[in-house]
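In this text the structure is predicted, and so the values were computed from the model without any measurement. Proteins get letters first, then strands, A, B, ... in listed order; numbering begins at 1 in each.
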Amino acid sequence: MASDDKASGNPTAAEPGRDFIRDIVKADLDAGRVAQVVTRFPPEPNGYLHIGHAKSICLNFGIAEEFGGRCHLRFDDTNPVKEEQEYIDAIERDVRWLGFDWGQHLYYASDYFERLYGWAEDLIRKGQAYVDDQSQDEIRANRGTLTEPGKNSPFRDRTVDENLDLFRRMRAGEFPNGARVLRAKADMSSGNINLRDPVLYRILNAPHPRTGTTWKIYPSYDFAHGQSDAIEGITHSICTLEFEDHRPLYDWFIANLDVPSTPHQYEMARLNLTYTLLSKRVLTELVRGGHVGGWDDPRMPTIAGLRRRGVPAEAIRDFIKRIGVAKANSVVDAGMFEFTVREALNKTALRRMAVLRPLKVVIENYPEGQSEELDAVNHPDDAAAGSRKIKFSRELYIEQEDFMEVPPKKFFRLSPGTEVRLRYAYFIKCTGVVKNAAGEVTELRCTYDPATKGGNAPDGRKVKATMHWVSAAHSIPAEVRIYNPLFNRPDPSGAENFAADLNPNSLELLTGARLEPAAADAKIETPVQFERQGYFCLDRDTTAEKLVFNRTIGLRDSFAKDVAKDVAKEKAGG
RNA sequence: UGGGGGAUAGUUCAACGGUAGAACUGCGGACUCUGACUCCGUCAAUCUAGGUUCGAAUCCUAGUCCCCCAGCCA
């Protein structure tokens with residue numbers, strides 16, 4: 001029976017979600033190298049979390065869950081100049097929203113400042129660290145280049161006592177910012193530049209969100225991260241590729257300091273997405289420069305932005321599962337993310353009718369002043385979702401793009417003389433077109449077939465299109481925000497001049513939308529499908545006077561795609 | 001011309017010396033009271049050159065190309 005998988009010829013179904021990190025974890029567990037896996041998600045609170053962080057979050061918390069371990073949330077708050085409480089709060093909120101729980105294991109690198117300081121003194125006592133008086137420029141100049149070795153600092157051979165004295169005075173705040181640093185005595189000629197006497201501590205007379213003004217010196221990432229991992233008993237410390245050549249340093253501290261455990265660092269590729277920039281630097285500038293409304297602007301790739309836009313956490317988790325984990329740099333097609341968003345939304349979103357760009361329709365053979373109620377299901381694949389009533393009357397709105405006076409061959413919506421179905425209502429036929437002085441269509445005159453009530457013709461005749469609509473008198477107004485990619489190139493330039501690639505049409509405001517009344521029941525961030533249009537959710541900008549909806553994402557539109565293809569063909573064909 | 005990594009369909013990931021497979025995308029079709037969903041079919045890849053082996057994406061050798069590192073950022 002053990003060979004069932006092979007017999008069925010379906011080996012791929014065996015291990016969903018396997019990757020090289022999980023392989024390592026599994027091997028360590030199997031070999032008894034670790035008793036319980038302990039991971040951590042270590043954000044620096046200097047900005048909001050984005051979908052790239054979601055990869056790390058899902059990996060770290062996911063591995064802990066799958067292998068019966070635990071995952072810590074640890075703020076890597078070693079640089080008070082950049083960090084703020086607001087970010088700490090936002091990060092906690094976002095991780096929770098994504099569906100993960102760190103239990104009691106909330107930590108801060110700043111909790112370990114005293115211990116880290118002690119280890120720094122240990123290093124000094126062992127002759128493995130020294131206080132350097134060189135200026136920042138001198139240090140840079142003496143570091144050498146990629147091809148030339150660096151030069152030893154003239155302060156490299158100070159005595160232990162002198163180093164200890166100076167370092168303590170650094171801590172005491174006796175020197176101005178930048179006056180001195182503590183450096184590891186490593187190897188100024190190493191090919192790995194991170195080993196050319198890396199800075200361990202710098203003087204930063206700045207208040208820290210958590211430790212206030214008690215510290216005048218702060219540890220560097222390299223000196224803080226591994227030891228923090230060791231303090232917490234982290235077994236697998238997962239980070240991104242750019243830290244690969246920091247690993248020798250990481251291991252060196254763990255080996256040379258009296259730390260309580262020996263964590264190991266593993267590196268994976270960070271997430272990149274087409275039409276998206278995932279760098280905190282860029283995201284920060286987008287916010288500070290007013291290019292977007294804030295960190296949670298629905299166009300932002302931040303967790304907060306995606307949430308406000310209506311993307312469910314489940315979709316993000318599923319997306320991360322699908323893209324896998326590897327060491328090769330890659331750029332994931334944003335279309336893959338869109339697919340997972342639609343998939344998640346389709347399952348749960350209740351259906352409503354909303355006309356985004358209304359075109360008035362008068363049903364000439366429907367009595368004036370009359371209306372009737374029709375039944376509409378809330379979800380076509382889920383009877384349990386129930387149904388609601390919608391009002392039909394003489395004056396309706398349909399979508400402007402659902403009518404064409406001179407239709408091209410593959411257009412089978414409404415045009416003069418054609419018959420279509422109004423969803424859940426009647427078949428209608430267009431009998432006349434009213435235009436304004438500019439020649440634009442402002443109103444349609446139609447007739448309906450009373451025999452088709454509910455949407456089916458007793459004589460069995462078919463229509464090629466079913467359209468959404470609302471009753472003019474019974475519908476309610478709303479503002480709808482349509483979002484397009486923030487950047488107009490699949491590979492926007494990096495931090496230097498991202499502004500040049502900003503899409504000026506990333507936000508389209510539709511102020512005249514009309515919704516069926518049931519759509520107003522929507523709750524903020526709860527997805528709803530406006531049939532034939534896409535998935536939407538109520539935005540928190542909604543007021544008593546004005547409903548505001550965000551379009552999370554449009555439905556797939558093969559008709560629009562065909563049209564675009566034909567246009568392209570004509571251009572190319574000449 | 002230092003050090004560290006990486007190359008498999010268009011994209012992202014599998015295959016761990018034994019039939020190169022999936023998802024997304026593309027293309028074609030079925031179904032449909034959402035041109036949605038769903039379903040079916042289909043195109044499509046091992047960076048190059050040698051070598052080892054009965055057998056190589058996988059091991060060896062030599063190349064090529066791409067990414068990261070010269071913060072008192074993380």
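One atom, CE of A/Met268, and another, P of B/C68, lie 17 Å apart when rounded to the nearest Å. Atom CG in A/Asp491 sits about 16 Å away from atom P in B/C66, given to the nearest Å.
Between the side chains of A/Glu232 and A/His72, at least one donor N or O lies within less than 3.5 Å of an accepting N or O. A donor and an acceptor atom, one from each side chain of A/Asn79 and A/Glu44, are nowhere located under 3.5 Å apart.
Put simply, the side chain of A/Arg556 and the base of B/G35 share no donor and acceptor less than 3.5 Å apart. No N or O donor and acceptor, one from the side chain of A/Asn46 and one from the base of B/C73, sit under 3.5 Å apart.
The A/Met336 side chain lies nearest to B/A23 when the options are B/A23, B/A74, B/C72. Nearest to the side chain of A/His246, among B/A14, B/C69, B/A74, sits B/A74. Side-chain proximity of A/Ile139 to B/U12, B/U34, B/C72: nearest is B/C72. Closest contact between the side chain of A/Arg143 and the listed nucleotides B/A7, B/C72, B/C24 involves B/C72. Nearest nucleotide to the side chain of A/Arg532, out of B/C72, B/C69, B/U34: B/U34. Considering only side-chain atoms of A/Gln529, the nucleotide from B/G4, B/A70, B/U34 that sits closest is B/U34. Candidate nucleotides B/G35, B/C24, B/C68 were compared by shortest atom distance to the side chain of A/Asp245, and B/C68 ranks first. In this structure, of B/A36, B/A14, B/C73, it is B/A14 that holds the atom nearest to the side chain of A/Asp19.
The residue A/Ser330 sits close only to the backbone: its heavy atoms come under 4.0 Å of sugar-phosphate atoms, none of a base. Residue contacts for A/Val463: at a heavy-atom cut-off of 4.0 Å it reaches no nucleic acid atom on any strand shown. Among the protein residues, A/Tyr218 comes within range of no part of the nucleic acid, since none of its heavy atoms lies under 4.0 Å from any strand. Within 4.0 Å of A/Glu531, counting heavy atoms only, lies at least one base atom of the nucleic acid.
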Paired and unpaired positions of RNA chain B as dot-bracket, Watson-Crick or G-U wobble under 3.5 Å, | denoting a partner strand:
.((((((..((((....[..)))).(((((.......)))))....(((((..]....))))))))))).....
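For A/Phe392, the ring pair (Phe, Tyr, Trp, His ring centres under 6.0 Å) partners at least two apart in sequence or on another chain are A/Tyr366, A/Tyr426, A/Trp469.
If you take atom C1' in B/U48 and the same atom in B/C65, they sit 10 Å apart, rounded to whole Å. The gap from the C1' atom of B/U32 to that of B/C40 amounts to 15 Å, rounded to the nearest Å.
Residues from residues 190-203 of chain A with heavy atoms under 4.0 angstrom of RNA chain B, sorted by number: A/Gly191, A/Asn192, A/Ile193, A/Val199, A/Arg202.
Not a single donor-acceptor pair under 3.5 Å links the side chain of A/Asp318 to the backbone N or O of A/Glu314.
For B/G71, neither phosphate oxygen OP1 nor OP2 lies less than 4.0 angstrom from any side-chain nitrogen or oxygen of A/Ser220.
Note: A/Phe243 and A/His246 have perpendicular aromatic rings, judged against thresholds of 30 and 60 degrees for the angle between ring planes. Ring pair A/Tyr250/A/His225 is tilted by interplanar angle, where 30° to 60° counts as tilted.
With respect to A/Ile398, the side-chain contact (heavy atoms from CB on, under 4.5 Å) criterion is satisfied by exactly one of A/Val355, A/Val420, A/Leu422: A/Leu422.
Cation-pi contact between A/Arg514 and A/Tyr397: absent, since separation from the ring centre below 6.0 Å together with deviation from the ring axis within 45° is not met. A cation-pi contact, defined as under 6.0 Å to the ring centre and within 45° of the axis, links A/Arg171 to A/Tyr117.
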